[in-house]
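To keep things clear, I will list the structure first and then write my remarks on it.
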Protein chains: 2
Amino acid sequence: MAVSARRGTPLTPEEIYNMALRLVDEVGVEGLSMRKLAAELDVNPMSLYHHVESKTALISQICASQGLRMELPGEDLPWRERVRLLAHAYRSLSRDHPNMWRYVHSHPEIIASRTGGLWDVLFSILVTVGVPESELRRTADVLYGFVTGLVFAESAGHIGQGQDPREADRTFETAIDLIIRGLGG
Amino acid sequence: MAVSARRGTPLTPEEIYNMALRLVDEVGVEGLSMRKLAAELDVNPMSLYHHVESKTALISQICASQGLRMELPGEDLPWRERVRLLAHAYRSLSRDHPNMWRYVHSHPEIIASRTGGLWDVLFSILVTVGVPESELRRTADVLYGFVTGLVFAESAGHIGQGQDPREADRTFETAIDLIIRGLGG
DNA sequence: ACCTGAACACCGTTCAAGT
DNA sequence: ACCTGAACACCGTTCAAGT
């Protein structure tokens with residue numbers, strides 16, 4: 001029955017993850033501290049360490065679970081459409097939690113496993129397009145770099161600053177068009 | 001004549017910048033601390049603040065000065081060649097100080113001024129290609145996102161992990177080819 | 001002018017002690 | 001089992017005092 005003195009219920013990992021993500025949304029990963037997180041949960045800072053190995057582990061768990069939320073396009077669509085949907089899926093992830101993705105982007109070790117189905121879909125698209133076996137890996141890497149880079153530049157404000165959102169959308173379409181044309185579309 | 005007790009000569013900003021960049025190369029921006037920097041310079045941590053406003057200011061000065069090192073391609077070259085050279089120039093910057101550029105990438109405020117001549121060259125290339133006035137800004141943004149994203153994914157190890165360097169070079173060429181084809185080349 | 005030590009308000013994390 | 005306070009080894013930065 002040993003329960004927090006300050007709260008009625010015991011801590012759960014989910015509670016911790018959710019609050020951590022909320023804080024990251026507000027103040028960024030750099031702005032998140034175990035102590036602030038604990039305060040927000042109305043708990044002693046050290047209690048967290050019974051449910052979470054470390055701050056780094058906490059962050060990577062959140063990131064991993066977010067990565068799984070990506071909505072991958074179905075196999076039956078024309079490849080141009082699949083490219084478009086895949087790019088938009090990634091962009092939409094990044095827009096839900098920009099602070100988190102900005103961090104992930106510069107800490108690759110956090111999603112060392114190449115984000116689940118994304119790569120399978122990408123390869124399958126390229127096969128459809130007719131990219132030769134020997135170029136598959138290279139081309140997939142290039143497209144990954146392009147799309148993540150664009151999404152990132154957008155979310156970090158490197159590009160399209162102070163424009164209305166519709167303009168940002170159009171820039172993104174321009175990018176997809178360029179990719180499709182580059183792939184031979 | 002009031003001079004450091006621990007060193008013969010007074011501190012200079014250049015000394016501080018150089019050592020800071022060296023440390024960033026070794027341990028990353030996150031790993032750099034004013035205290036370590038001071039220790040490395042054999043100086044009291046607080047002495048630094050007579051030459052540098054803050055850690056953030058120090059970092060952004062280093063970044064800015066590095067940005068100026070980019071070697072821009074000449075106006076007289078064919079546009080395909082200029083695209084290629086511009087991309088390589090950016091890549092080579094990032095390879096000289098990967099830790100620093102990984103940081104810049106997620107801290108756009110640091111190079112708020114759109115990295116000098118890069119954008120002029122980019123626009124001029126696109127005009128040559130025949131991109132209509134109304135699409136210039138959008139297309140430049142897209143290319144910027146693509147190239148920085150690719151360079152970044154490469155330097156962060158998101159793509160091309162554990163490959164021999166020649167393979168990375170070929171991936172980069174694949175990227176440039178795709179861009180050129182996408183631009184209508 | 002330039003340097004310095006002590007101090008302040010923070011970190012992540014360990015550890016021994018509590019229930 | 002779960003929680004806790006004190007403590008350790010760090011941060012960036014301010015400030016008053018030294019030469």
Side-chain angles (χ1 to χ4, degrees), chain A residues 1-24 26-63 99-100 103-104 106-107 109-110, chain B residues 1-24 26-63 99-100 103-104 106-107 109-110:
Chain A
M1 266 301 148
V3 133
S4 166
R6 303 143 101 174
R7 313 169 1 119
T9 53
L11 267 180
T12 66
E14 284 68 32
E15 225 183 334
I16 297 178
Y17 298 153
N18 292 339
M19 184 62 83
L21 186 52
R22 226 164 60 66
L23 283 180
V24 167
E26 283 169 25
V27 297
V29 171
E30 331 287 341
L32 171 70
S33 82
M34 295 302 267
R35 292 165 129 111
K36 278 189 213 155
L37 175 55
E40 211 72 23
L41 288 165
D42 195 22
V43 129
N44 183 288
M46 299 316 126
S47 304
L48 296 174
Y49 285 91
H50 284 276
H51 305 92
V52 149
E53 204 186 321
S54 67
K55 183 181 173 180
T56 331
L58 170 60
I59 302 283
S60 50
Q61 263 145 348
I62 300 173
C63 293
N99 284 343
M100 204 209 67
Y103 179 84
V104 171
S106 29
H107 295 76
E109 69 281 4
I110 267 180
Chain B
M1 266 302 146
V3 132
S4 165
R6 302 144 99 175
R7 314 170 358 119
T9 54
L11 266 179
T12 66
E14 284 70 32
E15 224 182 334
I16 298 177
Y17 298 153
N18 292 340
M19 184 62 83
L21 186 52
R22 227 166 58 68
L23 283 180
V24 167
E26 282 168 26
V27 296
V29 172
E30 330 288 341
L32 172 71
S33 83
M34 296 301 269
R35 292 167 128 110
K36 278 188 213 157
L37 175 55
E40 212 71 24
L41 288 165
D42 195 21
V43 131
N44 185 290
M46 299 315 125
S47 304
L48 296 174
Y49 286 90
H50 284 275
H51 304 92
V52 147
E53 205 185 320
S54 67
K55 183 182 173 179
T56 330
L58 170 59
I59 302 283
S60 50
Q61 264 146 345
I62 300 173
C63 294
N99 285 342
M100 205 209 69
Y103 179 85
V104 171
S106 30
H107 295 76
E109 69 281 4
I110 267 180

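Chain A is the first sequence line, chain B the second, and so forth, proteins listed ahead of strands; every chain is numbered from 1. Hydrogens, waters and symmetry mates play no part in the numbers below; they use all other heavy atoms, side chains included.
Here the straight-line distance linking atom CG of B/Asn44 with atom CG of B/Leu11 works out to 10.0 Å at 0.5 Å rounding. B/Leu41 contributes atom CG, which lies 8.0 Å from atom CG of B/Leu23 (distance to the nearest 0.5 angstrom). Put simply, CE on B/Met19 and CG on B/Asp42 are 9.5 Å apart, with the number rounded to the nearest 0.5 Å. Annotation: the span from A/Asn99 atom CG to B/Ser106 atom OG amounts to 11.0 Å, rounded to 0.5 Å.
As judged by a 4.0 angstrom heavy-atom cut-off over every strand, A/Ser33 is placed among residues touching the sugar-phosphate backbone only. Note on B/Leu37: nothing from the nucleic acid sits closer than 4.0 angstrom, heavy atoms only. Residue contacts for A/Met46: at a heavy-atom cut-off of 4.0 Å it reaches a base atom on one of the strands shown.
When the P atom of C/dT14 is taken as reference, atom CE of A/Met34 falls 10 Å away, rounded to whole Å. Between B/Leu41 atom CG and C/dC2 atom C1' the separation is 15 Å, expressed in whole Å. Counting to the nearest Å, the C1' atom of D/dT14 and the CG atom of B/Leu48 are 15 Å from each other. Look at CG on A/Leu11: it is 13 Å from C1' on D/dA1, rounded to the nearest Å. Per the geometry, CG belonging to B/Asn44 stands 17 Å off P belonging to D/dC15, to the nearest Å. In this structure, the CG atom of B/Leu23 is 12 Å from the P atom of D/dG12, given to the nearest Å. As rounded to whole Å, 12 Å separates atom P of D/dG12 from atom CD of B/Glu30. Look at OH on B/Tyr49: it is 18 Å from P on C/dA6, rounded to the nearest Å.
Each side chain to side chain donor-acceptor pair (under 3.5 Å) pair with one or both residues in residues 52-63 of chain A, not counting sequence neighbours, appears once here: A/Tyr17-A/Gln61.
Closest heavy-atom contact between B/Val24 and B/Met100: CG1-N, 3.8 Å.
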For residues 27-40 of chain A, run the donor-acceptor check on the side chains, cut-off 3.5 Å, and write out each pair with its distance to 0.1 Å, sequence neighbours left out.
residue : atom : partner : partner atom : Å
A/Ser33 : OG   : A/Arg35 : N            : 3.4
A/Ser33 : OG   : A/Lys36 : N            : 2.9
A/Lys36 : NZ   : A/Gly31 : O            : 2.6

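In the region residues 50-59 of chain A, proximity to DNA chain C at under 4.0 angstrom, judged on heavy atoms, holds for A/Ser54, A/Lys55.
Using a 4.5 Å heavy-atom cutoff, the side chains of B/Pro13 and B/Val52 are not in contact. A/Ile59 places none of its side-chain heavy atoms less than 4.5 Å from the side chain of A/Val104.
Base pairing in DNA chain C yields stems of at least 3 consecutive Watson-Crick or G-U pairs, both distances under 3.5 Å, namely C:4-8 with D:12-16, C:12-16 with D:4-8.
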